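To keep things clear, I will list the structure first and then write my remarks on it.
Here is how names work: the chains are called A, B, and so on, in the same order as the sequence lines, proteins then strands, and each is numbered from 1. Just so you know, these numbers come straight off a predicted model, no measurement behind them.
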2 protein chains.
Amino acid sequence: MDWKNILRSHIERKVDLADEQFDYIASFFKPMSFRKKDKLIRPGEPVHFEYFVLNGCLSTYVINDQQKTHILQFAMRTWWASDYNALYNQGQASLHVDCVSDAEVLCLANEDREKLCRELHSMESFFRWRSNGGYVSLQRRILSLLNNDAQSRYEELMQQYPELYNLVPKHLIAAYLGVSRETLSRFQSH
Amino acid sequence: MDWKNILRSHIERKVDLADEQFDYIASFFKPMSFRKKDKLIRPGEPVHFEYFVLNGCLSTYVINDQQKTHILQFAMRTWWASDYNALYNQGQASLHVDCVSDAEVLCLANEDREKLCRELHSMESFFRWRSNGGYVSLQRRILSLLNNDAQSRYEELMQQYPELYNLVPKHLIAAYLGVSRETLSRFQSH
DNA sequence: CAACGATTGTGATCTAGATCACCTATACTA
DNA sequence: TAGTATAGGTGATCTAGATCACAATCGTTG
């Protein structure tokens with residue numbers, strides 16, 4: 001499936017678009033290819049884009065002063081990723097975004113999203129819907145961190161996204177769950 | 001300050017409104033008063049409204065099978081609260097929302113928000129902005145849970161919202177931070 | 001293919017924070 | 001005003017998970 005179809009059917013999960021409307025929208029998205037470990041956003045640098053994943057997997061994370069990594073999000077096909085705090089507020093990135101595997105993405109500049117939202121009420125509606133969905137799923141993650149032990153968080157994640165098991169190295173899954181790689185490894189054994 | 005002014009200046013943090021526009025918007029908000037411990041949303045029941053806090057403090061939480069409480073959010077003046085998952089998806093509540101103190105709120109029905117968003121592009125834009133802000137602050141909370149120990153989460157919270165110290169009982173602050181009330185109490189001593 | 005880094009597993013030990021038990025003080029409610 | 005929740009504090013013990021140390025395997029790249 002070509003990227004315009006992937007994008008169009010993604011947006012049309014929420015709003016219907018005429019062909020000319022979609023072509024106009026698509027004109028703001030720039031397809032790009034990246035290799036495993038390529039960096040899309042580095043802390044300290046300004047953030048101009050958000051990324052829509054066509055293929056492969058990105059991760060969004062921080063590295064703390066003790067050099068420990070904490071992963072906010074893995075982004076796979078039809079997911080979005082950026083340092084939204086920096087993007088929305090024209091600030092410097094505090095997050096890393098890079099490629100867990102080779103990846104194809106669409107880049108959308110912050111000002112182009114805002115322009116689309118201004119010009120097309122349906123796009124404003126789409127992006128509100130996307131943000132609402134993200135909010136609800138972060139709430140779920142917080143409750144899971146507060147309520148469940150590491151093993152059940154791991155089982156929950158593997159059950160919801162089984163493809164992560166082979167796509168993402170275990171120490172990154174540990175960094176997402178908030179558990180050490182050693183402890184995660186002991187879960188698998190039995 | 002009367003409730004219309006509180007609401008208007010809140011919305012105008014993001015979008016400008018003509019007087020007639022605002023009056024129309026305000027007509028969908030219903031002011032209500034609640035007493036400490038009154039329940040606005042109970043798990044298992046359908047959710048029709050979201051709540052904008054004028055005064056007092058609400059909390060949004062779950063109680064797990066071991067009867068432990070985990071708090072997702074405290075909502076004070078100019079904050080919003082609901083079980084958004086249930087509200088957006090017409091489902092049954094899985095969260096509790098109730099009053100930590102006596103409170104005055106404005107109720108907005110889900111279908112009225114959607115109507116406002118459909119009719120007024122500026123309101124769609126406002127609610128997208130609100131949702132973006134919520135998303136970013138939940139990200140911050142997740143990173144804090146992953147990265148910081150209980151004591152620094154406590155200090156962070158008290159530094160950001162000092163008014164919680166006197167407004168909210170300590171065992172609820174513990175339930176927000178994801179720590180036992182005993183452990184929280186030991187932080188305070190020294 | 002040789003070599004180095006990345007990934008994973010596993011034992012031994014240590015610790016932040018949970019849990020249990022009990023006590024005190026304040027605040028509603030009958 | 002007595003009686004019962006609610007809130008908070010503190011000691012003693014227990015445990016999930018962190019940390020440290022080491023070994024083995026896999027993959028990439030010159």
Look at the side chain of A:Arg186 and the base of D:dT19, then say whether one donor and one acceptor between them are separated by less than 3.5 Å.
-> yes
A:Lys36 NZ: over 12 foreign heavy atoms closer than 6.0 Å | no
What's the CG-P distance between B:Leu177 and C:dA16, to the nearest Å?
-> 18 Å
Check the distance between D:dT10's C1' and B:Lys170's NZ and give it to me in whole angstrom.
-> 17 Å
Quick one: does A:His121's side chain have a donor or acceptor within less than 3.5 Å of a partner on B:Cys117's backbone?
-> yes
Spacing between B:Ile173 atom CD1 and D:dT6 atom P, to the nearest angstrom | 19 Å
Distance, rounded to the nearest Å, where A:Leu184 contributes CG and C:dT8 contributes C1' | 10 Å
Which nucleotide, D:dT10, C:dG17, D:dA21, lies nearest any side-chain atom of B:Ser185?
-> D:dT10
Between C:dT8 (C1') and A:His171 (NE2): distance, integer Å | 10 Å
In whole angstroms, the gap separating P of C:dA16 from CG of B:Asn148 amounts to 15 Å
Could you give the CD-to-P distance, from B:Glu182 to C:dA16, as a whole number of Å?
-> 18 Å
Centroid separation B:Trp80 to A:Tyr135 less than 6.0 Å = no
Could you check how far NZ of A:Lys37 sits from P of C:dT7, rounded to whole Å?
-> 5 Å
What's the closest nucleotide to the A:Thr183 side chain, out of C:dG17, C:dC20, D:dG17?
-> D:dG17
Nearest-nucleotide wise, let me know which of A:Tyr165 and B:Ser180 is further upstream toward the 5' end of DNA chain C.
-> A:Tyr165
Strictly under 6.0 Å, is that where the ring centroids of A:Phe52 and A:Phe29 end up?
-> no
Kindly point out which of C:dG9, D:dG9, D:dT19 is positioned nearest to the side chain of A:Lys68?
-> D:dT19
How do B:Asp149 and B:Lys36 order along DNA chain C: which one's closest nucleotide is nearer the 5' end?
-> B:Asp149
Test: A:Arg141 cationic atom under 6.0 Å from A:Tyr176 six-membered ring centre, within 45° of axis | yes
